[in-house]
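Written out below as C-alpha cells is the structure these notes cover.
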Amino acid sequence: MMSNRQYLIVANWKMNGRRASACALITAIKQELAVADQTTVAICPPFVYLPELAEQLADSQLKLGAQNVSHIHDGAYTGEIAALMLKEFACLYVIVGHCERRMLYNESDTLVAKKFIAVQDAEMIPILCVGEQLEERATNTTEHVIARQLDEVIAMAGIKAFNNAVIAYEPVWAIGTGKTASPEQAQAVHAFIRLRLARHDCKIADTIRIIYGGSVKAANAQQLFQMADIDGGLIGGASLIATDFLAICQATR
Ligand code: PEP
C-alpha cells in the first residue's frame, strides 16, 4: 500500500478502565504490535496510569501521551497537571483541544492555543484536535470552524510551531457515535487544513501529520488511511480492545 508516509496511530483511552485493565491492555498491545517502520503508535491513558505505563513501555516501540494538560507551568491551580510533570513520565505527545474538552469544559480556542504552547515549551508534541459539530456541517460552515480553530493557534504559537505538532481532524458528530466520516469527507477537510497551513508555510503544510478521529474501526481504517492527506488515526472506543486496535495499526501497512 503506502510508501514513505509517516503514519501516527494514537489511542485515546479517555476515562475508561482501571489499573488492572490498563496494564492488561498495554501488555496485549505490546506483545502483538507489529507495524512497519513508518508507523508510530502512541497510547494516551488516564493521567494516573502514566507512571506505571511509562515503566512498562520503556523497552517498547510504543510511545506514551496524555489526554490533556494545564496551560500554566506551576502554582496554585488545584487539580491541574503541568506539562513538565507529564514530561517526567516519558510522555511524548499531549492531546489538546479534544472536542470533549472544548464542549464539556468550555475550553476556548485561546485556551487550547495556550495549552499547545505549554506542551511545546516542555518539549513534547501537541496533537491539536479540530472539528465541526453536526449543525455546522449541516449549515456548510465546517471550513469556517476549522479555520477559526487553526488560526488562533497559528496566531499565538506561530506557524513554525507546526514543525513539531500533529493535527487531528475529529468531526464531533463522528466521535463515539459509530458514524464515521466517509474517506472522501475526511480527505476534503484534511486537504483544507493543509491549504490553510500552506498560506503561511508550504513545507510545513506538506510534512505535518494530519490524523483522523471519529469511529475509526478495523473495518474502515484502511480506506481512511489510503486517502492522500490522512496520515493515521486518533482512536477512542476501538483502542480499548487490543485486537481491534492492533488491526487498526496494521491498516497502515
Ligand atoms: C476520540 O475520542 O478522539 C475518538 C475518536 O473516539 P471514537 O474513536 O470512539 O469515535
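For clarity, every value in this text was computed on a predicted model and none was experimentally measured. Atoms within each ligand, like the ligands themselves, are counted from 1 in listed order.
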Practice task
Please confirm whether Gly237 comes within less than 3.5 Å of ligand 1 when only nitrogen or oxygen atoms on both sides are compared.
Solution key: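 Between Gly237 and ligand 1 (N or O atoms, distance only) the closest approach is under 3.5 Å.
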Handout entry: Part of Ala174 within contact of ligand 1 (heavy atoms, under 4.0 Å)
Key =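 Ala174 to ligand 1: backbone contact only, side chain stays beyond 4.0 Å.
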Practice task
Determine whether the side chain, the backbone, both or neither of Ile175 has a heavy atom under 4.0 Å from any heavy atom of ligand 1.
Solution key: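 Answer for Ile175: both.
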Exercise for the section: Please check if atom NE2 in His200 has more than 12 non-hydrogen atoms from other residues, nucleotides or ligands closer than 6.0 Å. Expected result: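 For His200, atom NE2 is crowded (more than 12 foreign heavy atoms under 6.0 Å).
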Exercise for the section: Taking atom CD of Glu123 as the centre, report whether more than 12 heavy atoms of other residues, nucleotides or ligands fall under 6.0 Å from it. Expected result: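 Atom CD in Glu123 is not packed in, count stays at 12 or less.
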Problem - Contact list for residues 41-52, test side chain to side chain donor-acceptor pair (under 3.5 Å), sequence neighbours left out - result: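 Sorted pair list: Arg19-Glu52.
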Handout entry: Ala238 touching ligand 1 at heavy-atom level, < 4.0 angstrom
Key =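 No; Ala238 lies far enough from ligand 1 that no heavy-atom distance drops under 4.0 Å.
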Exercise for the section: List, by chain and number, the other hydrophobic cluster members for Trp173, where Ile, Leu, Val, Met, Phe, Trp and Tyr join if side-chain heavy atoms come within less than 4.5 Å, directly or indirectly. Expected result: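 ILVMFWY cluster around Trp173 also holds Leu134.
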Problem - Side-chain donor-acceptor pair present, Asp109, Gln149, cut-off under 3.5 Å - result: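 Per modelled atom types, Asp109 and Gln149 side chains form no pair under 3.5 Å.
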Practice task
Examine the side chains of Glu152 and Thr110 and answer whether a donor and an acceptor come within less than 3.5 Å of each other.
Solution key: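 Side-chain D/A pair, Glu152 to Thr110: present.
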Identify, for [atom], the protein heavy atom at the shortest distance, and state residue, atom and that distance.
{"atom": "atom 8 (O) of ligand 1", "answer": "Gly236 N, 2.9 Å"}
{"atom": "atom 5 (C) of ligand 1", "answer": "Glu170 OE2, 3.0 Å"}
{"atom": "atom 1 (C) of ligand 1", "answer": "His98 NE2, 3.3 Å"}

Handout entry: Phe162 versus Ile204, closest heavy-atom pair with distance
Key =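 Answer, listing the atom of Phe162 first, then Ile204: CB-CG2, 3.6 Å.
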Exercise for the section: Mark up the atoms of ligand 1 that fall under 4.0 Å of a heavy atom belonging to Gly214, in ascending order. Expected result: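 The atoms of ligand 1 under 4.0 Å from a heavy atom of Gly214 are 5 (C), 10 (O).
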Handout entry: Under 4.0 Å to a heavy atom of Gly176 - the qualifying atoms of ligand 1, by number
Key =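 In order of number, 7 (P), 9 (O), 10 (O).
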